[in-house]
Asks: 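Structure incoming, see below.
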Amino acid sequence: MPILPSLYHSSDVIDLCAGSAFKYGPTSPPSIADFSSSSLTIVMVHWTDNVHRIWWKEASIYHIYPASFKDSNGDGIGDIPGIVSKLDYIKSLGVDLVWICPCYKSPKVDMGYDVSDYRAIDEQYGTMKDVEHLLEGLHSRGMKLVMDMVANHTSDQHEWFKSALASRDSPYRDYYIWKKPKVGENGEKLPPNNWLSLFSGSVWKYDEKSDEFYFHLFATEQPDLNWENPKVRQEIYDIMRFWITKGVDGFRMDAINFISKDPAFPDAPITVPSSKYQHAAMFYSMGPRLHDYVAEIGKILKEYNAFSVGEMAYLYDPTEIIKIVSFDRNELNMVFQFELIDIDRGPFHKYSPKKWTPREFKDIANKWQVFMQENDGWNALFLENHDWGRSVSRFLSDTHELRKIGAKMLATFIGLQSGTLFLYQGQELGLANMPKSWSIEKYKDLETINYYKQLLHDKVSQETLNTAMGEIQKKARDHARLPFQWDSSDFAGFSSIQPWMDINEDYKEWNAAVQVDDPSSVFSYWRSIFDLRRTYKDVLVYGKFELVDPTNEKICAYRRVFGCEAALVVTSFSDSVVTWTLPQELLRPGKIVLSNYGDVKGLQTEMVVRPYEAFLYILSS
Ligand code: GLC
Ligand code: CA
């Protein structure tokens, strides 16, 4: 069989499981007879040989936004006792860890991401005792608690900043980043550079008293910490130890790739000539000392075997991220990279529009899946969090009769990939964005409001304003922060009074009470996904990922393989029927174990794939 040596390379994975020869690749496999009659020596390389097993790879995480989860004391704002009262609900999904967004003492300019005391709980959310109850409640149910660690910046109401602002001689002055003004042509004091803040405007705020500017990537009330200062780093490490000693099991490290900035603070290239300030992530998303700092953080985490996930926005280069998450370095267990979530972000700003295709969607997923498995790294899998619109509304359509089918399809797409799976509160119910009929006044988040105000201030055309509103309706952080829909009673069972944000209009139909015991609900579907990840742990957690029919524009199908076990995941991103010719090598015996239409019998050469259809097929070994 002279064809074999050219078809196969020593690095190929050749699986002789189930009695048939099978090459994991786009080419058609020869039959077993071809092998037996050839003089080739087949070295079986099994994926099983490559994996590092560890608990946090097998774990799944439920993500809570405390202000919007459950209000226990009737003030219209979610709180920690509210979370404690819902632990059985969370446990019933089958997750292992719970991550809560910040509930430290804070003036809440940015909903708690502006911390004024890292060792105290904000009274709006409860007390330290309540956190202890939460820890007990989680631990006694076999779950763990992950806290949000906001290390890039503090609130301007933090004692460190108050002292720093009060005097240039304060021992805390150097905890923050200060620079002399640039002097304009007419002697006016200008910001030291042209960087655009993530919450609009300049990243610099002038302090008249000291005639210096301080640096803030986010709101003016969120001054960035100066990580060059070893005392600052020590403070953050002490805070981490404080919470670990309290019993917390790990951290989500907020905005962690922003802690090292280009020390020269050069002007950013002009990408939007009409704007005074320019997008400058290239100078702060991967600064020169990032890896030194993250290595220090990693040392502490390792000491306690603590869980960690780092938020790393604007960083799409896996060769940088692998330095942090490769198994041998393992500075952080995993990071959130946002390439998939940013798929509809235009070149300039979160709200600049961009069209995308299902093909791009799966190509991005494929890029990270393949890269991490080839480089011994690990992915964090997510489609939602508190900073984005709901996935069913953004990537599909929430007004569609197929919203439920679509929500389950997205769950299949993300939930069966390789990585640690994150579920954001309400995603398990297929919750949607605010209705499009709601005006801008319903939006409360400073990112949205600042952006909109800036447009009004710039007197942009009505057309530009409409486009912006269209993007806000898809991507604003407000959507994910609407109160959780527990049941069909007043205020959706979230609170006994009108909550801090309006309840979505669809709550009577879309809520936890109607879904929990309904086997056909989105909730039950997510529960099955967590369950299947446990039942088929080898293949679904540790299995190799490989796209099937990678150039298909509508179907996103992938295979997971572990030794002799294999699984096929099929998802359609089309809202109409697609006829799909299955690659021959997939037609192997097996069984459907998950299906969003609920009635798929098996595989056929020509499959009629229905709108947003999804299923998981486990191949017999
Ligand atoms: C992260 C958080 C976001 C917050 C920002 C500033 O991106 O997820 O909610 O506003 O950091 O802390
Ligand atoms: Ca409350």
Side-chain angles (χ1 to χ4, degrees), residues 63-86 99-104 106-116 118 121-127 130 146-156 158 197-200 203 216-225 251-259 281 284-285 309-315 335-338 341-342 350 380 382 384-389 422 424 444-451 475-481 483-484 491 493-501:
H63 171 195
I64 292 182
Y65 197 66
S68 307
F69 191 58
K70 172 73 186 159
D71 173 23
S72 73
N73 61 349
D75 63 357
I77 303 165
D79 45 53
I80 297 165
I83 301 173
V84 174
S85 72
K86 294 294 183 187
W99 150 33
I100 55 170
C101 285
C103 46
Y104 315 104
S106 161
K108 293 184 284 303
V109 170
D110 184 20
M111 289 300 297
Y113 281 97
D114 45 328
V115 180
S116 55
Y118 289 90
I121 295 300
D122 196 275
E123 56 190 27
Q124 179 179 286
Y125 296 122
T127 61
D130 293 328
V146 174
M147 299 271 273
D148 221 306
M149 186 47 56
V150 191
N152 177 68
H153 46 269
T154 68
S155 159
D156 63 351
H158 195 290
S197 154
L198 292 166
F199 290 160
S200 304
V203 293
H216 62 91
L217 263 185
F218 295 92
T220 44
E221 297 88 346
Q222 290 169 293
D224 280 47
L225 284 164
F251 299 103
R252 176 258 189 190
M253 305 296 298
D254 182 63
I256 199 66
N257 59 319
F258 298 162
I259 56 181
Y284 62 73
S285 65
V309 54
E311 186 199 29
M312 299 215 161
Y314 300 113
L315 200 49
V335 307
F336 295 125
Q337 51 75 19
F338 289 85
I341 297 300
D342 282 341
K350 171 172 177 176
F382 70 107
E384 289 188 23
N385 66 26
H386 62 293
D387 290 333
W388 290 92
F422 288 73
Y424 179 67
K444 303 257 185 282
D445 178 44
L446 83 168
E447 180 193 78
T448 322
I449 294 170
N450 289 358
Y451 174 64
K475 305 174 188 169
R477 312 199 299 179
D478 306 76
H479 301 297
R481 302 176 181 190
F484 193 94
F491 311 117
F494 167 76
S495 174
S496 53
I497 64 161
Q498 167 62 34
W500 71 284
M501 285 193 83

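Read the numbers this way: they start at 1 and go in the same order the structure lists the ligands and their atoms. The figures that follow rest on heavy atoms only: side chains count, while hydrogens, waters and symmetry mates do not.
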Asks: Checking a contact table here: which protein heavy atom is nearest atom 5 (C) of ligand 1, and how many Å away?
Replies: Phe218 CE2, 3.5 Å
Asks: For ligand 1, which atoms sit closer than 4.0 Å to a heavy atom of Phe199?
Replies: 10 (O)
Asks: Does Asp387 come within less than 4.0 Å of Lys475, counting only side-chain N to carboxylate O?
Replies: no
Asks: Does the gap between the ring centers of Tyr104 and Tyr113 come in under 6.0 Å?
Replies: no
Asks: Only heavy atoms of Arg481, strictly under 4.0 Å: list the atoms of ligand 1 that pass.
Replies: 9 (O)
Asks: What residue and heavy atom of the protein are closest to atom 11 (O) of ligand 1, and at what distance?
Replies: Asp254 OD1, 2.8 Å
Asks: Report, rounded to 10°, the angle at the Ca ion (ligand 2) between the two atoms OD1 (Asp71) and O (Ile77).
Replies: 80°
Asks: Once you restrict to heavy atoms under 4.0 Å, what part of Glu447 touches ligand 1? Side chain, backbone, both or neither.
Replies: neither
Asks: Could you tell me whether His158 and Tyr118 have their ring centroids closer than 6.0 angstrom?
Replies: yes
Asks: Using a 4.0 Å cutoff against the non-hydrogen atoms of Arg477, which atoms of ligand 1 qualify?
Replies: 3 (C), 4 (C), 9 (O), 10 (O)
Asks: Under 4.0 Å from any heavy atom of Glu311, which atoms of ligand 1 are there?
Replies: 1 (C), 7 (O), 8 (O), 11 (O)
Asks: Are Thr154 and Val115 close enough, and set up right, to give a side chain to side chain contact (heavy atoms under 4.5 Å, CB included), and what steps lead you there?
Replies: CA-CA 5 Å; Thr154 68; Val115 180; 5.7 Å; no
Asks: Only heavy atoms of His153, strictly under 4.0 Å: list the atoms of ligand 1 that pass.
Replies: 6 (C), 12 (O)
Asks: For the Ca ion (ligand 2), decide whether Tyr125 has an N, O or S atom at a distance under 3.0 Å.
Replies: no
Asks: Ignoring hydrogens and angles, tell me if any N or O in the side chain of Asp478 forms a donor-acceptor pair with the backbone of Asp445 under 3.5 Å.
Replies: yes
Asks: In ligand 1, which numbered atoms sit nearer than 4.0 Å to a non-hydrogen atom of Arg252?
Replies: 2 (C), 8 (O)
Asks: Check each of Thr220, Leu198, Leu217 against Val203 using the side-chain contact (heavy atoms from CB on, under 4.5 Å) test, and report the only one that passes.
Replies: Leu217
Asks: What residue and heavy atom of the protein are closest to atom 9 (O) of ligand 1, and at what distance?
Replies: Asp387 OD1, 2.7 Å
Asks: Looking only at N, O or S atoms, which one in Asp79 sits nearest to the Ca ion (ligand 2)?
Replies: OD2
Asks: Using the six-membered ring wherever Trp is involved, compare the ring planes of His386 and His63 and label them parallel, tilted or perpendicular (cut-offs 30° and 60°).
Replies: perpendicular
Asks: Taking the N/O/S atoms of Asp75 one by one, which is nearest to the Ca ion (ligand 2)?
Replies: OD1
Asks: What protein heavy atom sits nearest atom 10 (O) of ligand 1, and how far away is it?
Replies: Asp110 OD2, 2.5 Å
Asks: What residue among Tyr125, Tyr424, Phe484 forms ring pair (Phe, Tyr, Trp, His ring centres under 6.0 Å) with Phe69?
Replies: Phe484
Asks: Tell me whether the centres of the aromatic rings in Phe422 and Phe336 are closer together than 6.0 Å.
Replies: yes
Asks: Could you please spell out the steps behind the side-chain hydrogen bond (donor to acceptor under 3.5 Å, both in side chains) verdict for Asp79 and Ser72?
Replies: CA-CA 7 Å; Asp79 45 53; Ser72 73; 2.9 Å; yes
